[in-house]
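Have a look at the structure below, then the notes.
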Amino acid sequence: MAKPAKQQIETGAAIEFANAPAFTERPAWRTVGDGWRHLHGSVRGAGASFEWHDFKTSGGEFDWGKSFHPGSVEVCLNLEGNGKVALNKNEIAFAPLTVGFYRRGEQALRATREANQRHQFLTVEMSFDFLRRHLSEFITSLHPLVREVVAGQSEKSTVAPTARLTSRQQQLLASLRDAPVLALAQPVWYQAKALEVAAELFFVAPGEKELFCQRQQRLSAERVEKVFSLLQKNLAEPPALEEIGRVVGCSPFHLSRTFSAATGRTIPQYIRQLRMERAAELLKSGKFNVTEAALEVGYSSLSHFSQAFHETFGCCPGLYPLKTPTQKKI
């Protein structure tokens, strides 16, 4: 019996997709050189792939979307730099210290990394088959983006909202960068870590109502995000803690605790880090001397600026960006 025309078309498309040439993302990262590092695995082989990215963009936005494997869900744990992933009118933003995931089917996703920034992030890609193999018994507890794949309901490209990286997730990211096991054991270790990432991010609480603890986590993440945005816009003259608290809608004491719990740093420590990174960029450009860079990021005392810079990068600002034995990477 002949198949209906629509079913024939869908079957033909599925066969064509399955028989497509093996995808490789190496060309997408060619321009960043050592800034892209494959850690372990493969989407087509092991079902999961881990990659570390650390590079700076200049001269325009970087096309990040060309690296997304068709037939996979990718998780991005974003430490530094701003990026976007979009499909049609749906867009998610990756700010520093955020995490999110997206599904790449046949339709390409638009994704960019902002120009003139340092980008540090780790990605974990899991094939649709890998997700079905390990998560099929948990369908009712999965995030819709993953549940649709596991249940065979949809493989179309889509995106999910980002969230703030928790301290536990930051520790997970750090462990993934350098596997603490022998090379022979790494296939087992990384597969276990892929499942840990899935358990951390792909499950949702039963019912539609937001639990109290979830609401508190969401509010905390939103407040921290507002602090990031506010400080980045007022780097030279950051507002007082009381003013920041008023803008984000909570007491200075509660804000300080929330920010430290989410980032592992106090607000003054974060301000100094932002200032030093900006000063390093200005010095590296060759258009600013030490005094000008210090003033540009809000330091009126050259000695205080030099001390802070040395503590951050391991060298005095006058020598930056010359390589010295103790200089730390930016």
May I ask you to decide if the ring planes of Tyr102 and Trp64 are parallel, tilted or perpendicular, using 30° and 60° as cut-offs?
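Answer is perpendicular, since the angle exceeds 60°.
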Indicate the ring-plane relationship of Tyr270 and Phe228, choosing parallel, tilted or perpendicular according to the 30° and 60° boundaries.
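Correct class here is tilted.
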If you define the side chain from C-beta out and look only at heavy atoms, does anything of [X] sit under 4.5 Å from [Y]?
X	Y	answer
Pro317	Phe305	yes
Ile244	Leu230	yes
Met126	Val197	yes

Lys/Arg-Asp/Glu bridge criterion (N-O < 4.0 Å) met for [X], [Y]:
X	Y	answer
Glu243	Arg246	yes
Glu200	Arg168	yes
Arg103	Glu155	no
Glu292	Lys287	no
Arg118	Asp54	yes

Kindly determine whether Thr123 and Glu125 satisfy side chain to side chain donor-acceptor pair (under 3.5 Å), including the steps that lead there.
CA-CA 6 Å; Thr123 56; Glu125 286 182 284; 5.4 Å; no
Checking ring pair (Phe, Tyr, Trp, His ring centres under 6.0 Å) for the pair Phe121/His53: CA distance, chi angles, key distance, verdict?
CA-CA 5 Å; Phe121 58 100; His53 313 76; 4.1 Å; yes
What's the shortest heavy-atom distance between [X] and [Y], and which atoms?
X	Y	value
Leu122	Val124	CD2-CG2, 3.7 Å
Leu255	Cys250	CB-SG, 3.6 Å
Asn78	Ala95	ND2-O, 2.9 Å
Ile92	Pro161	CG2-CA, 3.9 Å
Leu235	Leu274	CD1-CB, 3.6 Å
Leu302	Ala294	CD1-CB, 4.2 Å

Sequence-distant partners of Phe130, ring-ring contact (aromatic ring centres under 6.0 Å, His included), two or more places apart
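Partners of Phe130 under the ring-ring contact (aromatic ring centres under 6.0 Å, His included) test: His134.
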Only pairs at least two apart or in different chains count here, so list each salt bridge (charged side-chain N to carboxylate O under 4.0 Å, His left out) that has a residue in residues 183-194.
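For residues 183-194, and leaving out neighbouring residues, the salt bridge (charged side-chain N to carboxylate O under 4.0 Å, His left out) pairs sorted by first residue read Lys193-Glu196.
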Please write out which residues are connected to Val188 in a hydrophobic cluster, directly or through intermediates, given that two of Ile, Leu, Val, Met, Phe, Trp, Tyr count as joined at side-chain heavy-atom separations below 4.5 angstrom.
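ILVMFWY cluster around Val188 holds nothing else.
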I'd like to know if the side chain of [X] and the backbone of [Y] have a donor-acceptor N/O pair within less than 3.5 Å.
X	Y	value
Ser256	Pro252	yes
Arg113	Thr57	no
Thr162	Ala93	yes
Gln117	Lys56	no
Asp34	Trp36	no

With Trp52, which residues qualify under side chain to side chain donor-acceptor pair (under 3.5 Å), at least two apart?
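Checked Trp52 against side chain to side chain donor-acceptor pair (under 3.5 Å); zero matches.
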Any residue meeting side chain to side chain donor-acceptor pair (under 3.5 Å) with Glu25, in chain and number order, not counting sequence neighbours
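With neighbours one apart ignored, the set is Trp29, His69.
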Set of salt bridge (charged side-chain N to carboxylate O under 4.0 Å, His left out) partners for Arg275, sequence neighbours left out
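So Arg275 forms no salt bridge (charged side-chain N to carboxylate O under 4.0 Å, His left out) with any residue.
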[atom2] on [Y] to [atom1] on [X], rounded to 0.5 Å:
X	Y	atom1	atom2	result
Leu79	Gln170	CG	CD	6.5 Å
Leu97	Gln120	CG	CD	10.5 Å
Ser67	Leu109	OG	CG	10.0 Å
Asn88	Arg110	CG	CZ	7.5 Å
Ser127	Arg132	OG	CZ	8.5 Å
Leu176	Gln171	CG	CD	12.0 Å

Side chains of Glu277 and Gln273 only: does a donor on one sit below 3.5 Å from an acceptor on the other?
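Distance-only check passes for Glu277 and Gln273.
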is_close_aromatic(His38, Phe50), centroid dist under 6.0 Å:
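No, ring centres 6.0 Å or more apart.
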Between His119 and Phe55, is the gap from one ring center to the other below 6.0 Å?
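Ring centres of Phe55 and His119 closer than 6.0 Å.
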